Protein chains: 2
Amino acid sequence: MANHTLSAEPTHSRWNADLLPRLTIDSGDTVHFECQDSSGAQVHPGMTVDAFGSIDRGRIHALTGPVAIHSAMPGDVLQIDVLDLKHKGWGWSSVIPGLGFLKERFAEPFLFHWQLEKEVTRSLAPAIVPLRPFCGIMGVAPAEHGEFRTRPPGVFGGNMDVRELAAGSTLYLPVQQPGALFSCGDAHAAQGDGEVCINGIECPADVTLRFHLHKGQALAGPLVESAPSDETGSSWLVVESSTDTINAARTATDRMVDLLSTNWGFDPVQAYLLCSVAMKLQISQVVNEPMITVSAAIAKSILPQRSLFL
Amino acid sequence: MANHTLSAEPTHSRWNADLLPRLTIDSGDTVHFECQDSSGAQVHPGMTVDAFGSIDRGRIHALTGPVAIHSAMPGDVLQIDVLDLKHKGWGWSSVIPGLGFLKERFAEPFLFHWQLEKEVTRSLAPAIVPLRPFCGIMGVAPAEHGEFRTRPPGVFGGNMDVRELAAGSTLYLPVQQPGALFSCGDAHAAQGDGEVCINGIECPADVTLRFHLHKGQALAGPLVESAPSDETGSSWLVVESSTDTINAARTATDRMVDLLSTNWGFDPVQAYLLCSVAMKLQISQVVNEPMITVSAAIAKSILPQRSLFL
């Protein structure tokens, strides 16, 4: 049950199963990750939109990691408890020509700086936006070897932008490579579903995660147990990414039926009815091309308590 | 400020601007609607799945109405305050071959009866499902003349299946025809986002609605002010239906940018950023072919209070 610290530098901006681990830990250990903002510390308070236009976009996502977990193998599940996330009082959001959900309407570059109080920002008055920091990206190295852009999420997690992954939540990922090779970054002090303009409140952050390895457990894709402090209370969220929104929603629903029948003993058709009367469907992100991410959620309060991975 | 009561019979099961109003009211009046379940009282407690297979599907949705509102004209906004919804202790959900989000996986007919307590149902033990009755359908007569199936929702409202339309919420609809010609039904004691199996908890219900007419107000499509008792607090929800999920989400986002800039004075690009950091995107229904309904929501707590239609 050791505690480790991982400095931000050197970051990495591609998924690559052949990156050497910067740290190797045991199941049960905690790691304090120092995370740069998604630009890799190229954006700074007061930066102009013109200067923003010339940052090196190849460095974007600037992840901290990878961390290897002893004895992790494909077929295992990696549990990541999000213990704490702290922003540093400042963040930014932008409009980048050619990107974003309304790219035709908002075609001009724009850069906005946020002053962050502990729990809210008043920078966009008269709105008072609550802050709920999370990592837009938490993932393990993908199954394929090679160098992959970090924009699209997948079965390995990655750029899911699931805003429920705030402090108090837990993420479960299927290990794809020996050692798992976990990295995180792209911290957002706040983000809506969709992340429609292409950014949340991008910010540097201190991120504390605890890892547990569950040997030989089936998991088809990312699964989240949201925090009890979540506005809707703690939920089980099945996270699915696809190039097609409705396919992501359908696969997430299918996995939720499996989750309910496997773990709570419902007949599959009864689990299907339960989804129909009690499940939520959220579009977590719409901008991480070519993938859309949908989360299907069931409130834990409607079910007897279960630990899904022992 | 009169009170009226409208009995369930005769129901109607098509949208048709040429139906004669069963009741004509003034702005400010309240109407108690007696609503049959969506089958038009063909399903009853204890019915077998075999008997269910031979109900007359042409009667489905069995709406109560239409109600004409004096002086309502296209270009006006009809405000519908949902004052109360009471189920009657029983409901049903089904699987119908060829329908539903997982129609390939669940191809066999199935009928389930729910016993409803005041606030929960324990019929699908061990789940305890909270009840939050709402009308799956509230709508005004569409702009086109003719007889239209009630399954697809549209700019006129209709089969939106937006679960936030529970007691305490308000729906705003753009009037399409002289008199507006409002009808409602398809009550659900509970429903998840998506209504994935094709049903919520279908139930007969007593529905109390109060109507206000706002003359000459622009409204591009349905808008909901959810109840303060909503699990996430009261929100503004822009509701959009399209044959394509991502198009529905995009149009809803576009309308939310307009709503924020028109009513709270944000520059459109700042409204876009606000959506990116604070808006939710829910898939309200996926089964009302050929339309998918997406709701984009902003919590009222982050904005100064406004009455959008005066």
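From a predicted model like this one, the values you see are computed outputs, not experimental measurements. Proteins get letters first, then strands, A, B, ... in listed order; numbering begins at 1 in each.
- The residue among Thr245(A), Ile128(A), Leu102(A) with the most heavy atom pairs within less than 4.5 Å of chain B is Leu102(A).
- With a 4.5 Å cut-off on side-chain heavy atoms, Glu195(B) and His188(B) count as touching.
- Interface remark: Ala125(A) contributes backbone atoms only to the contact with chain B (heavy atom separation under 4.5 Å).
- A donor-acceptor contact under 3.5 angstrom links the side chains of Ser295(B) and Ser284(B), judged on distance only.
- The two residues Asn199(B) and Ser276(A) make their nearest non-hydrogen contact at O-OG, 2.6 Å.
- For Tyr272(A), the parts lying near chain B are the backbone and the side chain together; criterion is any non-hydrogen pair under 4.5 Å.
- Under 4.0 Å is where a charged nitrogen must lie from a carboxylate oxygen, and between Glu104(A) and Arg250(B) no such pair does.
- With a threshold of 4.5 angstrom between heavy atoms, Val269(B) approaches chain A through its backbone and through its side chain.
- Side-chain contact check for Arg57(A) versus Ile96(A): some heavy-atom pair is nearer than 4.5 Å.
- When Pro268(A), Gly200(A), Cys275(A), Gly194(A) are compared by the number of non-hydrogen pairs under 4.5 Å with chain B, Pro268(A) comes out ahead.
- Between Asp193(B) and Met279(A), every side-chain heavy-atom pair lies at or beyond the 4.5 Å cut-off.
- Of residues 252-261 of chain B, those residues lying under 4.5 Å from chain A by any heavy-atom pair are Thr253(B), Asp254(B), Val257(B), Asp258(B).
- Residues Ser241(A) and Thr293(A) bring a donor and an acceptor atom of their side chains to less than 3.5 Å of each other.
- Comparing Ala297(A), Ala278(A), Pro130(A), Gly265(A) by how many heavy-atom pairs each has under 4.5 Å with chain B, the most go to Ala278(A).
- In this structure, chain B has no heavy atom under 4.5 Å from any part of Arg132(A).
- Of the residues listed (Trp114(B), Phe112(B), Phe52(B)), the one engaging Trp92(B) in a ring-ring contact (aromatic ring centres under 6.0 Å, His included) is Phe52(B), and it is the only one.
- Counting heavy-atom pairs closer than 4.5 Å to chain B, the top residue among Thr232(A), Ile246(A), Leu303(A), Ile298(A) is Ile246(A).
- Side chains of Asp37(A) and Ser39(A): a donor-acceptor N/O pair is present below 3.5 angstrom, by distance only.
- Put simply, the side chain of Gln285(A) reaches to within 4.5 Å of the side chain of Pro153(A), judged on heavy atoms.
- For Arg306(B) and Glu225(B), the salt-bridge test fails: no basic side-chain N is under 4.0 Å from an acidic carboxylate O.
- Contact count against chain B (heavy-atom pairs under 4.5 Å) is highest for Lys280(A) among Lys280(A), Glu231(A), Gln282(A).
- The candidate with the highest count of non-hydrogen atom pairs below 4.5 Å against chain B, out of Val287(A), Val286(A), Ile283(A), is Ile283(A).
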